[in-house]
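Given the structure is predicted, the values throughout are model-derived calculations rather than measurements. Naming convention: chains lettered A, B, ... in sequence-line order (proteins, then strands); numbering from 1 in each chain.
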Amino acid sequence: MISYLIDIFLIGIGAALINNFVLYYFVGICPFVGVSRKISTAFGMGCAVIFVIAIAAVISWAITTYVLMPGALLSRTVAGLFVPPETAAGIDLTILSYIVYIFAISSSVQFVEMYVRKFFPPLYKALGVYLPLITTNCAILFACLVIMSKITGVDNPADAWDLGRALTLAVGGGIGFTIAIVIMAGIREELDLCDVPKPFKGVAISLIVAGILSLGFMGFTGVDSGLRKAMMPKPEVVAQVQPEAEAGK
Amino acid sequence: MGLKFKGFGGSGSFPHGVHPPERKNFSGAAVIEVIPSPGQVLLPLLQNVGAPAKTSVKAKSEVKMGDKIADAGGFVSAPLHAPIAGKVGKTGVCTLTNGRHVPAMPIRAEGEQIEGKELWEKIFGGQWPKNADKYSPKEIVDAIQAAGIVGLGGAAFPTHVKYVPNEEKPIDTVLINGCECEPYLTSDYRMMLEVPDPIICGSLLLAKASGAKDVIIGVEDNKPEAVEVLKKAAAGTGIQIAVLPTKYPQGSEKQLILAVTGREVPLGGLPLDVGVAVSNVSTTAAIAGAVVKGNPLTHRVVSVTGAGVQTPKNLLVPFGISIGELIEACGGLTKDATRMVAGGPMMGFAFSDMNSPVTKGTSGITILTHEDLKKEDETSCVRCGRCVDVCPMNLVPTKIAMASRHRDTELAQQYNIMACFECGSCAYICPANLPLVQLVRTGKAEVIAAGKK
Amino acid sequence: MNIVTIGLSAATLFAMAVVICYILGWASKAFYVEVDPRVEAIGAALPGANCGGCGFVGCNDYAEAVVLSGAPVDKCPVGGASCASEVAGIMGVEVGESYPQRPVVHCTAKYSDRKGRHEYRGEMTCKGANMVAGVQGCTYGCLGFGDCTRVCKYDAIHVIDGVATVDYDKCIGCGACGSVCPRNIITITPFKKSQILAVGCSNKDKGKDVMAVCEVGCIGCKACARKSEIFKIVDNLPTINYDNWDAECSLEVLEACEKCPRNRLIFVGEPSDADIVATKDKEAPEIIEADFKTTVDDTEWRG
Amino acid sequence: MAKEIQIRESAEAPVIHVAPSPHLSHTAQTTRTMMRDVLIALAPVTGMALYVFQAYALRQLAICVIGCLAAEWIFTGMRGRRATLWDFSAAVTGVILALSLPGTAPWYIGVIASFTAIGIGKVIFGGLGMNIFNPAMVGRAFVMIAFAGAMGAAGYQDASSAVDAISQATPMDAFKQGGAIAPLSALFWGNTNGSLGETSAIACLIGGLYLCIRRTASWEIPAGVIGAVVVLGGIANLLNPESQWTVLHHILGGALLFGAFFIATDPVTSPLTPKGKLIFGTGVGALIMLLRIFSGYPEGVMFAVLIMNSITPLINRWTIPRPLGGK
Amino acid sequence: MADQPTAAERFIQGILPENPVYRQLLGLCPTLAVTNGLKAAITMSAAVLFVLFCANVIVSLIRNLLKPHLRIVIFTLTIATFVTFADRFLAAYVYQMSKVLGPYIPLIIVNCLIICRCEVCASKQGVVTAGADAIGQSLGFCLALCSIAAVRELLGTGMLFDIRVLPVVWPDWVIMVLPPGAFLTFGLLLGLVNWYSDRRAAAAGGK
Amino acid sequence: MKPIQQMEPLSPTAFERLRNNNIIQAWLVLILTLCFGSSLAGIQMTLGPKIEENKLNETLEKIPELILGAEGAQKLTESGEKLDVIPRSFVVDKPGKKAVYNVYEAFDKDKKRLGWVVKTGGQGYADRIELLLGVDPEVKTVSGIFVLEQKETPGLGNKITFEEWRGQFKGKNTETPMGVVKGGKAGAGDINAITGATISSRAVTDIVNMAVADLKGPLTANAEGGK
Ligand SMILES: Cc1cc2nc3c(=O)[nH]c(=O)nc-3n(C[C@H](O)[C@H](O)[C@H](O)COP(=O)(O)O)c2cc1C
Ligand SMILES: Cc1cc2nc3c(=O)[nH]c(=O)nc-3n(C[C@H](O)[C@H](O)[C@H](O)COP(=O)(O)O)c2cc1C
Ligand SMILES: Cc1cc2nc3c(=O)[nH]c(=O)nc-3n(C[C@H](O)[C@H](O)[C@H](O)COP(=O)(O)O)c2cc1C
Ligand SMILES: Cc1cc2nc3c(=O)[nH]c(=O)nc-3n(C[C@H](O)[C@H](O)[C@H](O)CO)c2cc1C
Ligand code: SF4
Ligand code: SF4
Ligand code: SF4
Ligand code: SF4
Ligand code: FES
C-alpha cells in the first residue's frame with residue numbers, strides 16, 4: 001500500500017516537474033505559445049486542460065483495458081459469441097486506439113462544454129472558452145498514449161497500470177502544463193515592457209524563454225529516483241522465488 | 001525620535017522617504033525683504049486648483065491695491081485682487097511655470113503704491129490676538145473666501161473649501177505645516193522666525209472655524225530656531241509644536257498626518273476623511289491677515305535661492321510680478337546657472353521664460369547650476385527596487401513608469417498609479433536616472449484620458 | 001478470426017459513433033443555450049481550427065468578441081481574406097470606407113521658426129515634453145519628438161525639421177498618429193480631392209502672442225475669410241468649411257492663400273486616382289474641426 | 001531627436017535647459033557604481049580563487065571577462081545600439097560566470113558560456129535590465145548541459161595538475177560518492193576543489209556583507225536563502241541523524257554562499273519589493289536543498305536560481321504592496 | 001467567395017511564403033520533438049506528407065457531403081485513420097525509427113497543421129489542388145524540420161545523417177539534442193527568418 | 001470542435017422524426033467509421049505479425065551474442081544455424097515486491113542448454129534502463145549484457161551502451177555482487193565506472209546484481225530439474 005502511494009506520488013511529480021509535458025516532451029506547444037499572453041488566460045487554459053485530461057485519461061484507460069487490449073473483457077465476450085474462446089481472447093483491437101482516443105477526447109470536450117455552459121454559466125465564462133482549444137492539444141492525446149503504452153506495452157500483465165496511476169499521470173501532466181504556461185505568461189507580461197529586438201518579438205522570444213525554462217527544469221532530473229530511494233525501504237535481495245510455467249506462445 | 005514625540009498619536013515619522021541634501025543655508029539667514037513695487041504685473045486668471053477666476057473689471061479701469069479684479073469661478077476657486085494700484089490692461093495669455101497656458105490680466109502701475117516698510121506693516125504689522133473668540137466660524141470662512149486665500153504650501157488649493165463645516169466628517173485636529181521639507185526653500189522658515197504671531201493667530205482662527213480641539217504645528221528638526229520662536233509665541237494658546245525628523249517628503253500632508261497623528265488618509269480620500277485639516281504656515285499667516293485686518297491675498301514670501309543666483313534672498317513680492325524681476329532683485333544669475341525651477345528642486349517646475357509671473361503657488365525660485373545637475377546618463381531600469389524602498393506611498397514606481405512608457409494603462413492602474421503624488425523620491429534615488437515622475441505623470445494623464453472615454 | 005477482427009473493429013467504432021452522436025445530439029438539445037444567431041453564423045464562417053491565432057481563445061470566443069465587443073473582422077489568420085469578408089457580411093459592416101481619411105498635421109513651423117526653444121532633458125517623447133514648460137514657446141505646435149512616428153505601423157509619418165510630416169503615399173489613414181499626439185494637432189480629415197487645403201497652424205492665441213513664439217504661426221488676421229466664404233475664423237484660427245468647397249471657389253481660395261501674410265494655408269496630400277474615383281459621388285463631409293486643446297498637462301498634481 | 005534641438009550657446013549668458021522634476025538626483029549611486037560595487041565585493045572571492053587555483057583561475061577569468069565584453073559589444077552592435085561596456089554589467093557577468101566554472105574547464109567552455117550568457121541571457125531580451133534570467137547562470141547552465149563531461153564532477157579533477165586543490169574531489173562529490181566529509185575549516189577557508197568562486201566561504205561572506213551594507217544587494221535575498229537552507233537542512237539532519245553532512249556543511253559547502261550573495265541578489269532578475277525578495281530567497285534556498293538532496297546533480301544553486309528567476313514576474317504580481325491608505 | 005489559389009500557387013505557397021512552421025507556426029510539437037536528428041526529421045515529414053495528402057484528398061472528395069457541425073469530427077476521424085496506417089507501416093518496416101519517433105507519430109492526429117489544411121484548402125477546393133497543397137505544405141514542413149534538425153544534429157553530435165562531418169576534436173554540444181536545445185534552436189532560427197523577411201519586406205518597400 | 005448544432009424541436013411526423021434523428025444526421029460519420037474500422041483491422045491483419053516479429057527480434061537477435069559472445073554469434077550466422085530459444089517467465093515473490101522476469105532459454109541444435117538471457121531493467125540517471133543479461137546455464141558467470149533502452153545523457157551516461165564498457169561484464173563471476181569503482185582501477189569482481197557517469201554505471205551494475213540475485217535460485221533449480 002505504502003509503495004503504491006509512493007508510486008503514485010512519484011508518477012505525479014514526474015509528470016508535473018521532472019518530465020514536464022511542455023518542457024520535456026514538447027506536447028501542447030501550440031497553446032503554450034498561443035494562449036500565454038496573459039496570466040489569467042493562461043491559468044484558465046491550464047485548469048481546463050487539467051479537467052479534460054482527467055476525463056480523457058479515465059475514458060481511455062477504461063476503453064483500453066476493457067475493449068482494446070488483447071483479451072480485454074468486453075471484446076473477448078462479444079467475440080466469444082462467434083468464435084471459440086481461445087481465439088476470442090487473442091483479438092487485438094489496439095489498432096483502433098488512436099481513432100478511439102481522439103473520438104473520445106473531442107466528444108467529451110464537447111459534452112463538457114455544453115454541460116458546463118448550461119448549468120454553470122459562471123464556470124463556463126471562466127473556463128468554457130478554453131475547452132474547444134483543447135481538442136487539438138497534443139497534451140491530452142499524449143497522456144492517453146502514455147497510458148496505453150503502460151497497459152499494452154508492458155511485458156507482463158501484472159505491471160499494467162491501474163486507473164489510479166493513469167489518472168495521476170494525466171493530472172500531474174495537466175498540472176505541469178499549467179505550471180509551465182502560467183510561468184510563461186508571467187514572463188511574457190514582463191517582456192511586454194522590455195525592449196526585445198523586433199524579429200524576436202512574440203513567438204521567437206517565447207521559445208527562447210521556454211528553452212531556458214527547460215534548462216532550469218533539467219535540474220529536476222533524478223529527483224524522482226532520489227525521492228524513491230529516500231522513501232522506499234531498500235528491497236531485500238534475498239528472495240523467495242517460484243518458477244512459473246512456460247509462457248504459451 | 002520617540003522622545004520628541006510624547007503626546008501625539010503618531011510615531012513622528014512615516015515609512016520610506018529620502019534624505020536629499022538640505023541646502024537651506026543659501027537663503028536661510030536672509031531676512032525677508034520687500035521688493036520694490038513693479039511697473040507692471042501680469043495676473044494669471046488661474047492660480048489655484050479648481051476653476052479659473054472670472055474677470056470682474058473692464059480693461060482700462062483703474063484699480064487700487066487690494067481691489068477685487070476677478071471673481072471666483074465656482075466653489076472650488078478663489079477671487080483675485082490687485083496687488084498694486086494701476087490700470088487694468090487687455091486680457092492676454094501667459095504660460096505659467098508649470099506649463100499651463102492660461103489667460104492673464106496685466107495691470108500697469110499708476111499712482112501711489114504702498115511700498116517697503118509700509119507694505120510690511122500693512123501685511124504683518126500690528127497686534128495679533130492670541131485667541132479667536134471674537135469671530136464666529138462662518139465669519140472666518142467667509143473672510144478667507146473673500147480674501148482669495150489658497151494654499152501657499154504649493155498646491156494652491158482654495159483654503160475655505162477645507163474649512164467649511166462638515167457635519168459628517170468633523171475635524172478634530174488642525175495641522176499647521178511648517179516642515180518645508182523641500183531642499184533650498186526657506187520662505188516658511190523665515191516666516192516662522194520673523195512673524196510667528198500671525199501664524200499663531202491664524203492657527204487659532206482655523207481651529208475655531210473647523211471646531212477642532214487640537215492645533216499642532218509640525219516643524220522639521222533642522223529648524224530649531226523656528227521651533228523656539230514658535231514655542232514662545234504659542235505659549236498659553238494650547239497650540240502644540242511637533243518637532244519631526246528631517247526627511248523628505250515630511251511636509252506632504254498624508255505623510256505629515258501619519259507622522260503626527262498616526263492616521264492614514266485613505267487612498268483617493270482627503271485629510272478630512274480622518275478628521276484633520278492641514279494648512280501651510282504662510283497660509284495661516286495670510287488667514288490671520290484676512291480675518292483680523294481684512295487684507296486680501298496679494299503678496300507672498302518667495303525664496304530666491306540656489307547656487308545659480310548671485311545673492312539668495314527671501315522676498316515679499318506681489319503676485320503677477322515677473323520672475324525675471326525677482327532674479328534681478330537678487331543680483332541676477334551666475335554664469336553657471338543651468339536650470340531655473342519654480343518651487344523646490346524636488347517638485348518644482350523647470351521653466352525658461354523670465355517673464356513668467358509669480359503666482360499664489362510659487363513658494364520659491366531655485367536656480368541650480370551645472371554642478372548640481374551633474375548626473376550619469378539614463379540607463380534601463382535595473383529593477384533594483386530602490387524606488388520601491390523609498391516611495392512614501394508604498395508604490396512600485398518602476399512598474400508604473402514602465403507601464404506608462406508602454407502605454408499600458410491597465411497595468412499602471414493595477415499598480416495604483418493614481419496614488420502617486422509625484423513627490424520625486426523615486427526619481428531622486430533611481431540609480432538608472434530614469435525620469436520616473438515624468439513617466440508617472442504621463443501615465444496618469446493617459447489613465448484619465450482612458451477613463452473619460 | 002480475420003473476419004471477426006475486422007467485424008469487431010468496425011462494430012466497435014460504429015457503436016462508439018452511434019453512442020457519441022446520440023449523446024451529443026441529445027446534449028445539444030438538453031443543454032441548449034440561447035445565443036446571438038450572429039455568433040453562431042460567424043462561428044460557422046470561421047474555420048474552427050481553434051488555433052488561437054486571432055488572439056482569442058478559440059474560434060467561438062473570437063466570434064463572440066466580434067459580435068459583442070466589436071472586434072475587427074479580419075483577425076483570423078487561418079481563414080484569411082475570404083473569411084474576413086464573410087464575417088464582415090454577417091456583421092453588416094463594410095470593409096473599406098467611403099472616402100479616404102488621411103491625417104493632417106496642423107503645424108508647419110520648422111525648428112528655426114520657433115522661438116523660445118530650450119534644451120530638454122527627460123523622457124524624449126512628445127507626451128513627456130508636453131508636460132514641461134519652456135521646451136518651446138508655442139504651447140500648441142508640434143513638439144517634434146515623434147510619438148506619432150513611433151505609433152505609425154506603416155512608416156508614414158516622420159519628423160522632418162522638427163515638424164511631423166505625413167508621407168501620403170504610405171499612409172493608410174489608420175488614425176493612430178492622431179490619437180497619440182498629445183497636442184492634438186493631427187486631425188483625421190476626409191480627402192475630397194487629391195490635395196486639400198489645410199491650415200498649417202494651431203495657435204489660438206492673439207496675433208501678438210503668436211508672433212512672440214513663432215515666426216510663421218497664424219495670427220488670425222482674417223485676410224482669408226475676407227477673400228472666401230469657405231474660411232471662418234474661430235478662436236483666432238481659420239476653419240475650412242468643406243461643404244462649400246467646389247471648383248468655383250478654388251480661385252478665391254488661391255487668392256486667399258496669396259493674401260495670407262504668413263503663408264499658413266497649405267495644400268496637403270496626394271491620394272491616388274483610385275481614391276478620387278471612389279469618392280467622387282460621395283456627399284461632402286461636414287466641417288472638419290481640429291480638436292485643439294490648450295494642452296500642457298491637465299492632470300491635477302499634488303495633494 | 002535631442003540632437004536636433006537647438007542649444008542656446010553663448011559664452012556670457014547661462015545655458016538654461018528644462019527638465020521634469022525632481023531636479024536633484026542621488027549621484028552616489030548609479031547603475032555603474034552598483035556594478036563597480038559588485039566587482040569590489042567580488043575581490044576577496046577572486047583573490048581567493050587566484051590563490052587556490054593560480055593560473056587556472058587567471059585563465060578562466062580572462063576568458064570569461066573578455067568573452068562577455070566582446071559578446072556585449074558584438075551583440076549590441078548587431079542591434080545597432082551603442083555598446084554599453086562601461087556600465088560594467090557585462091564585466092560583472094563575466095567575473096561571476098568565470099567564478100562559477102571549474103578552473104580546469106577547456107577554453108571553449110568559457111567562450112561559449114560567455115556568448116550564451118550575453119547573447120541568449122541578456123541582449124535578446126533587450127539588454128541591461130530587461131533580462132528575465134540571470135545571464136551568468138544561463139551561460140553556465142548551457143555549458144553544463146552541453147559539456148556535461150567537462151562540467152560534471154569529473155571535470156573538476158585534473159590528476160596531472162600541480163595545483164594542490166585540483167587533484168582532490170570536490171567536497172560535495174566526495175560526500176555524495178564516497179561519504180567522505182570535508183572538514184568545516186577547509187570549507188570555511190577555501191582550500192578545497194570546486195568552482196573557482198565557491199570554495200571559500202569566508203571570502204563570499206566578506207564580499208556579500210559588503211554588498212548588503214552598501215545596499216547594492218538587498219539583504220532579504222541571502223537571508224531568505226540561508227534561512228531556508230538552515231530550516232530544511234535541519235529537518236534533513238533530524239530525519240537522518242547519522243548523516244555527517246550537517247547543516248553547516250550545507251551552508252559552507254558548494255556554491256551556496258556565493259550564490260546567495262552574488263547570484264540570487266542580481267537585482268534585474270529578482271523581485272522588486274522586500275517581501276518579494278524574501279519569498280524569492282526562500283524559494284531559492286528550498287529548491288537548492290531539494291535538488292542537493294534528491295536530484296542527480298551534486299549542487300542545485302544554478303538551477304534553483306534559474307527556476308526562481310522564471311517565477312519572479314509572478315512573485316512581483318503577487319506582492320504588489322498596499323499603497324498608503326489603500327486597501 | 002473570394003478567389004481561391006490554384007493548385008500551383010498552393011504548392012508554391014506551402015514551401016516558403018506560407019511555410020507551416022516558420023510563418024504559420026502550426027504543428028510546433030513535432031517540430032521541436034523530432035528534430036534531434038535529420039533522419040527522424042525526414043521520417044516525420046514523410047509521415048506528415050502521407051497523412052496530409054490522404055486526408056486532403058479524401059476530404060476534398062467528400063467535401064460536398066460535409067455538414068458544417070460534423071466537419072471537424074470527420075476530419076479527425078480521417079486523419080486518425082491515416083495516422084494509424086502510417087504508424088503501423090513504420091513499425092513494420094522501419095522499426096528502429098518508429099521507436100525513436102515514439103508517440104509523436106500518433107500525435108500527428110492533433111497536429112494543427114493537418115486540420116488547418118483540411119479546413120482551409122481541402123474542404124473548399126478540388127482534389128488536385130488539395131493534393132498539391134498537401135505536398136507543398138509537407139515540403140515546407142520538411143524544409144523547416146530539416147533546417148532545425150541539421151543545426152541540432154551538427155552541433156550536438158558533429159554528425160549529419162549519423163555520419164560524422166565535423167572533425168573529432170569538435171566537442172559535441174550535448175544540449176543541442178536535448179529539449180532546451182530544441183527550443184533555443186527553433187527560437188533563434190525563427191528570429192533569423194523573421195529578421196530576414198523583415199529586411200526583404202523593407203527592401204521591397206523601399207523600391 | 002464546433003458545437004453540434006442545435007436541433008429543431010422534435011416534429012410530430014415519423015418521417016420528420018427520422019430525419020431529425022441525431023443518429024441519422026450523422027450518417028456520414030457512421031459510414032466512415034465502418035469503412036475506417038474495417039480497413040484499419042485489415043492493416044492490422046497484414047502488418048500486425050510483422051510488427052510483433054520486429055518486437056521479438058529486437059530481443060532474439062541479441063541472444064546469440066549474449067550467450068556465445070561476438071565471435072560465437074558471427075560463426076553461428078556464417079554456419080546458417082540458429083539457436084533454439086524458448087521464452088519463459090518467472091515470478092519472483094519477495095516481501096514488498098513482486099517481480100516477473102521474462103527469461104529466454106537458449107539451446108543449441110543438440111538441445112543442449114547454452115545459457116539464459118534475462119530481460120530486466122531499473123531506474124538509471126535520467127529514466128528507466130532496460131537491458132538484456134546473458135548468463136551461463138549454471139548462472140555462475142555473466143556472459144554479456146546489452147542495453148535495450150536508455151535515456152541517459154548523450155556523451156556521458158549513454159556510454160553504457162558502448163561495447164567497450166558493457167564488455168566488462170563478460171565473464172564476471174556472480175558469486176558476490178559486483179561493485180563499481182571509479183578511476184579505472186577495478187579489481188576482478190568489479191566494474192570500472194564511466195568517468196562522469198558513475199550513477200549510470202552503478203545503475204546498470206545494480207540491475208544486473210539484482211536480477212542475478214533474484215533469479216539464481218529459480219534458474220539453477222530449473223536447470224537441474226529441466227532437460
Ligand atoms: C511631496 C510633497 C511635499 C510637500 N512639502 C510641503 C512642505 O514642505 N511644506 C508645506 O507647507 N507643504 C508641503 N506640501 C503640501 C502639503 O501636502 C499640503 O498640501 C499643504 O501643507 C497644505 O497646506 P496649504 O493648503 O496651506 O498649502 C507638500 C506636498 C507634497 C506632495
Ligand atoms: C554559482 C554556482 C552555481 C552552481 N550551480 C550548480 C548546479 O546547479 N548544479 C551543479 O551540479 N553544480 C553547480 N555548481 C557547481 C557545484 O557547486 C560544484 O562545484 C560542481 O557540481 C562540482 O561538484 P561535483 O564534483 O559534485 O559534481 C555551481 C557552482 C557555482 C559557483
Ligand atoms: C548535464 C549532465 C548530465 C549528466 N548525465 C549523467 C548521466 O547520464 N549519467 C551519470 O551517471 N551522470 C551524469 N551526470 C553527472 C552527475 O551529475 C554526477 O556528477 C556524476 O554522476 C558524478 O559521477 P563521477 O563521479 O563519475 O564523475 C550528468 C551531469 C550533468 C551536468
Ligand atoms: C548585486 C548584484 C548581483 C549581480 N549578480 C549577477 C549575476 O549573478 N549574474 C550576472 O550575469 N550579472 C549579475 N549582476 C550584474 C547585472 O545585474 C547583470 O549583468 C544584469 O542581469 C544584466 O541585465 C549583478 C549585479 C548586482 C548589482
Ligand atoms: S530605482 Fe530606478 S533602477 Fe531601481 S527599480 Fe526603481 S526605476 Fe528601476
Ligand atoms: S511613485 Fe510617486 S509617490 Fe512614490 S516615490 Fe515616486 S513620485 Fe513619490
Ligand atoms: S505631431 Fe504631435 S506626436 Fe507628432 S511629433 Fe508633433 S507633437 Fe509629437
Ligand atoms: S494615419 Fe496611421 S498610417 Fe497614416 S501616418 Fe498616421 S499612424 Fe501612420
Ligand atoms: S502541434 Fe499544436 S499543440 Fe502540439
Side-chain angles (χ1 to χ4, degrees), chain B residues 18 20-21 183 254 258 264-267 269 308 333-341 345-352 366 368 372-376 379-386 388-389 392-396 398-399 414-416 419 422 424 427-433 435 437-438 441, chain D residues 8 11-35 37 82 84 86-87 89 126-132 215-218 220 265-277 312-313 316-317 319-327:
Chain B
V18 290
K254 285 187 180 177
L258 180 65
E264 266 184 39
V265 179
L267 211 56
L333 299 179
T334 59
K335 261 192 204 162
D336 54 353
T338 39
R339 195 176 296 170
M340 305 189 288
V341 179
M346 295 298 283
M347 289 192 70
F349 300 96
F351 64 94
S352 55
T366 313
L368 300 170
D372 300 325
L373 297 171
K374 228 196 266 169
K375 59 177 182 182
E376 305 238 342
T379 69
S380 330
C381 167
V382 290
R383 303 185 198 158
C384 62
R386 211 153 278 155
V388 184
D389 293 342
M393 287 305 286
N394 211 9
L395 304 176
V396 187
T398 168
K399 280 282 174 194
Q414 273 178 8
Y415 280 95
N416 302 304
E422 299 165 22
Y428 168 75
I429 205 79
C430 176
N433 283 317
V437 177
Q438 191 183 22
R441 290 179 67 198
Chain D
R8 223 170 30 159
E12 297 302 302
V15 181
I16 298 295
H17 54 227
V18 292
S21 66
H23 307 284
L24 290 182
S25 75
H26 188 59
T27 43
Q29 203 147 29
T30 63
T31 308
R32 177 152 66 188
T33 56
M34 277 176 78
M35 297 302 162
D37 266 352
R82 202 160 43 90
T84 43
W86 296 116
D87 61 21
S89 85
L128 175 70
M130 311 280 187
N131 45 320
I132 302 291
R215 313 274 252 109
T216 298
S218 333
E220 287 94 345
T265 49
D266 176 8
V268 176
T269 57
S270 55
L272 288 163
T273 60
K275 197 166 132 207
K277 285 173 177 164
T312 295
N316 274 338
R317 269 318 176 75
T319 56
I320 299 180
R322 182 186 74 92
L324 193 71
K327 270 153 270 127

With a 4.5 Å cut-off on side-chain heavy atoms, are B:Val437 and D:Pro22 touching?
yes
Full working for side-chain contact (heavy atoms from CB on, under 4.5 Å) between D:Leu272 and B:Lys399:
CA-CA 9 Å; D:Leu272 288 163; B:Lys399 280 282 174 194; 3.8 Å; yes
Reported CG-to-CZ distance for the pair B:Asp389 and D:Arg215, which is rounded to 0.5 angstrom:
6.0 Å
Looking at every heavy atom in both B:Tyr415 and D:Ile320, which two are closest together, and how far apart are they?
CE2-CG1, 3.5 Å
In terms of heavy-atom contacts, B:Leu267 and D:Leu324 come closest through CD1-O, 3.6 Å
With only heavy atoms counted, which part of B:Ile429 is less than 4.5 Å from chain D, the side chain, the backbone, both or neither?
both
Considering all heavy atoms, the nearest B:Gln438-D:Pro20 contact:
OE1-CG, 3.3 Å
Here the pair of heavy atoms bringing D:Thr216 nearest to B:Arg386 is CA-NH2, 3.7 Å
Could you tell me which portion of B:Thr398 (side chain, backbone, both or neither) has an atom closer than 4.5 angstrom to a non-hydrogen atom of chain D?
side chain
Please check if the side chain of D:Ser21 supplies one atom and the backbone of B:Phe349 the other of a donor-acceptor pair under 3.5 Å.
no
Quick one: CE on D:Met35 to OG1 on B:Thr379, what's the gap to the nearest 0.5 Å?
8.0 Å
Count the heavy atoms belonging to other residues, nucleotides or ligands that lie under 6.0 Å from CZ of D:Arg322, then report whether that count exceeds 12.
yes
Tell me the closest heavy-atom pair linking D:Pro321 and B:Asn394, and the distance in Å.
CG-O, 3.4 Å
In terms of heavy-atom proximity below 4.5 Å to chain D, should B:Pro183 be classed as side chain, backbone, both, or neither?
side chain
Under a 4.5 Å heavy-atom cut-off, does chain D meet the side chain of B:Val265, its backbone, both or neither?
backbone
For a quick test of reading the model, state the closest non-hydrogen atom pair linking B:Gly385 to D:Lys277 and the distance between them.
CA-NZ, 4.3 Å
Hey, does the side chain of B:Arg383 reach the backbone of D:Gly129 with a donor-acceptor pair shorter than 3.5 angstrom?
yes
Is there a side-chain contact between B:Asn433 and D:Ser25 (heavy atoms, below 4.5 Å)?
yes
Okay, D:Thr273 and chain B: the region with an atom under 4.5 Å from a heavy atom over there is both
Which atoms of B:Cys384 come close to chain D, meaning under 4.5 Å heavy atom to heavy atom: side chain ones, backbone ones, both, or neither?
both
